[in-house]
Amino acid sequence: MQQVDVIIIGAGAAGLFCAAQAGKRGRSVLVLDHAKRIGGKILMSGGGRCNFTNMYAEPDNFLSDNPHYCKSALSRYSQWDFIGLVSDYDIAYHEKTLGQLFCDDSAKQIVNLLLSECEKAGAKVQSGCTVQSIDRHSSGFKLETSLGQFQCESLVIATGGLSMPKLGASPFGYKVAEQFGLSIKPTCAGLVPFTLHEQDKNVLAELSGISLEASAECNNTLFKENILFTHRGLSGPAVLQISSYWQPGQAVEFNLFPNGDLLAELINTQIQQPDILLSTTLARFYPKRFVQTALGYFALDNKPLKQYQGKQLEEVAEAFTAWRLKPNGTEGYRTAEVTLGGVNVDQLSSKTMMAKDIEGLYFIGEVVDVTGWLGGFNFQWAWSSGWVAGQEV
Ligand SMILES: Cc1cc2nc3c(=O)[nH]c(=O)nc-3n(C[C@H](O)[C@H](O)[C@H](O)COP(=O)(O)OP(=O)(O)OC[C@H]3O[C@@H](n4cnc5c(N)ncnc54)[C@H](O)[C@@H]3O)c2cc1C
C-alpha cells in the first residue's frame, strides 16, 4: 500500500495544474489517469494551438446553476496569472479574436508547461491506471487501482466531463460524487454543432463550407460571430456558443445581416437601381451560392427590385435577419467541446473546491457544474479551480 498526501484522479488541465500547486506546498502528490497518453485533449484543443485563456474572462462567461460559484476562484487565479506563467515559459502567443489567446506554435507547449510544473514541484503523474474503487478510511481515502492500493489524505476528482469519449472522457467523476452522496446537475453536450430536420438539411447541406457573419439568439442570450453550414447541419462559433443555451424543441433566431440595416439597403437600391434583381442585390452581401439557395429556402421570388412593394421588401429583409430555425438536435458528446451540468456546486466550497460534507474530497475542472463559453474560458476554469484546490489539499 502506497501512502501519499494527495491523489488527483485525472491528468487533464485541472488535475495537472492542481498537482503542481500542491507539490509546491511540499505535499506529496500522485496524479492517476486511465489514458495512455497524458494531455490528449489539450493537444487537440484550439486546432492544435490551444486557446489557453481569454483576456476578458469574467464570471458572466460561465454557465452554472449557481452563477456565483466560479467568482472567487476566477478572481484568486485569473487569466493574467496564467498569461504570466505562459510568458515565464517563453511560450509565444497571440490574440486570435475577442481576447482568445492561442500558442503561436503548438498546444504541446502547454502540456510541457504543465508537466514541467509538476516535475519541479515533485508531483508524480501516472498514466494507464484504472481506479477500481474508492473508500474512506480514518484519515482520508483508500483506492484500489490496476497498479495496486493507494492511500491519501486528500482526494481530488479532476476527471472532466463526457465530451469526446475517444480522448478518455468517462462518467467516473459523477459516479464518485454520487457514491459520496453529492448530487449531479443534469449533463448535456455544450459547444456543439446543431443537426437539422430532414427538410432543412436537404436544402441547407448544399451550402456546406459557407461561413457567414451572423448573430444567434436563444433564451435571451445572443452571440455575434460566424456561422458555418456543414453537410451535417450548422456549426461555427456563434452556433457552438448558442448551443450551450439551447433546449431541445426550441428555435434559434439568426440574424444574417448583424452589422447593418438590410431593409434600408434594399430600399436604397430599389430607388437607385430599380431594374436590378433581388439576387444581384443580395449577392453584394452574401456568396452567390448562398443567395440562390436562400431565396428558394425562404420561398422568395427573384424579381427586379421595382416590382417589390414596401411590405414585400420588409418580408425579404425579415427572412434574412430574423431566421427562426428549429434544430433537430446536436451532434452530442462525440464532437462537443464541453459538458454542461455536473457536480452540484452548492455542495462544494467555492473557496477550496472541497465537498462541504466530505472532508478531504475535492472536485475541480469540467466535472463540476461550471461551463465556459467558447474562447479559452474552459481552460481558465480548469486553471483557476485547480489552483484554488492546490492551495488546500
Ligand atoms: C476538441 C476539444 C478542443 C477544446 N479546445 C479548447 C480550447 O481551445 N480552449 C478551452 O478553453 N477549452 C477547450 N476545450 C475544453 C477543455 O479542453 C476542457 O474544458 C478542459 O480540458 C477541462 O479540463 P479538466 O481537467 O477538467 O478535464 P480534462 O482535460 O478532460 O481531463 C480529464 C482527465 O481525466 C481522465 N479520466 C477520465 N476518466 C477517468 C477515469 N475513470 N480514471 C482515470 N482518469 C480518467 C481523462 O483521461 C483526462 O486526462 C476543448 C475541448 C475539446 C474536446
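Model, not experiment: these values are computed from the prediction. One-based numbering, in listed order, for ligands and for the atoms of each.
Taking every non-hydrogen atom of A158 and a distance limit under 4.0 Å, the qualifying atoms of ligand 1 come out as 32 (C), 33 (C), 34 (O). Residue contact check: G10 has heavy atoms under 4.0 Å from atoms 33 (C), 34 (O), 35 (C) of ligand 1. Within the listing of ligand 1, atoms 43 (C) sit less than 4.0 angstrom from a heavy atom of I9. Close contacts of ligand 1 with F377, meaning ligand atoms under 4.0 Å from a residue heavy atom, involve 11 (O). Close contacts of ligand 1 with G46, meaning ligand atoms under 4.0 Å from a residue heavy atom, involve 5 (N), 8 (O). Each of the atoms 25 (O), 29 (O), 31 (O), 33 (C), 49 (O) of ligand 1 lies under 4.0 Å from some heavy atom of G12. Under a 4.0 Å criterion applied to the non-hydrogen atoms of G365, ligand 1 contributes the atoms 26 (O). Of all atoms in ligand 1, listed by their number and element, those nearer than 4.0 Å to a heavy atom of E366 are 18 (C), 19 (O), 20 (C), 22 (C), 26 (O).
A distance of 6.0 Å or more separates the ring centres of F320 and F254. Aromatic ring centres of F82 and F17 lie closer together than 6.0 Å.
In this structure, the protein non-hydrogen atom closest to atom 38 (N) of ligand 1 is S170 OG, 2.7 Å. When only non-hydrogen protein atoms are considered, atom 3 (C) of ligand 1 lies nearest to S45 CA, 3.6 Å. The protein heavy-atom contact nearest to atom 36 (N) of ligand 1 is H34 NE2, 3.4 Å. Given atom 27 (O) of ligand 1, the protein heavy atom at minimum distance is G160 CA, 3.5 Å. Protein heavy atom nearest atom 2 (C) of ligand 1, with residue, atom name and distance: E337 CG, 3.9 Å. For atom 37 (C) of ligand 1, the nearest non-hydrogen atom of the protein is G168 O, 3.2 Å. Among protein heavy atoms, the minimum distance from atom 25 (O) of ligand 1 is reached at A14 N, 2.8 Å.
Contacts with ligand 1 closer than 4.0 Å are made by no heavy atom of S163, backbone or side chain. Within the 4.0 Å heavy-atom criterion, the part of K41 lying near ligand 1 is the side chain and not the backbone.
Among Q100, R49, M164, the residue whose heavy atom lies closest to atom 53 (C) of ligand 1 is M164. Of the listed options T335, D33, T145, T371, D33 places a heavy atom closest to atom 49 (O) of ligand 1. Relative to atom 9 (N) of ligand 1, the option among N51, L191, L374 with the closest non-hydrogen atom is N51.
A salt bridge does not link K175 to E178: none of the charged nitrogens lies less than 4.0 Å from a carboxylate oxygen.
Looking at D200 and Y297, their side chains do bring a donor and an acceptor atom within 3.5 Å of each other. Neither side chain, T269 nor Q273, offers a donor N or O lying under 3.5 Å from an acceptor on the other. Between the side chains of N302 and S279, a donor-acceptor pair is found at a separation under 3.5 Å. Judged by distance alone, the side chains of Y174 and T159 never bring a donor and an acceptor atom under 3.5 Å apart. Side-chain atoms of Q250 and N219 form a donor-acceptor pair, as typed in the model, at a separation below 3.5 Å. Judged by distance alone, the side chains of N259 and K224 do bring a donor and an acceptor atom under 3.5 Å apart.
With rounding to the nearest 0.5 Å, the separation of CD1 in I227 from CD1 in I242 is 12.0 Å.
Here the side chains of E225 and V239 are not in contact, with every heavy-atom distance at 4.5 Å or above.
Between F379 and ligand 1, a contact under 3.5 Å exists for at least one N or O pair. Where the criterion is an N or O separation shorter than 3.5 Å, residue side chain and backbone included, Q380 fails it with respect to ligand 1.
Taking the side chain to side chain contact (heavy atoms under 4.5 Å, CB included) definition, one finds that K201 meets it with L196, sequence neighbours left out.
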Could you go through residues 130-144 and list every donor-acceptor pair under 3.5 Å that involves a side-chain atom there, pairing it with any protein atom two or more places apart or in another chain?
{"from": "E144", "atom 1": "OE2", "to": "Q149", "atom 2": "NE2", "distance (Å)": "2.6"}

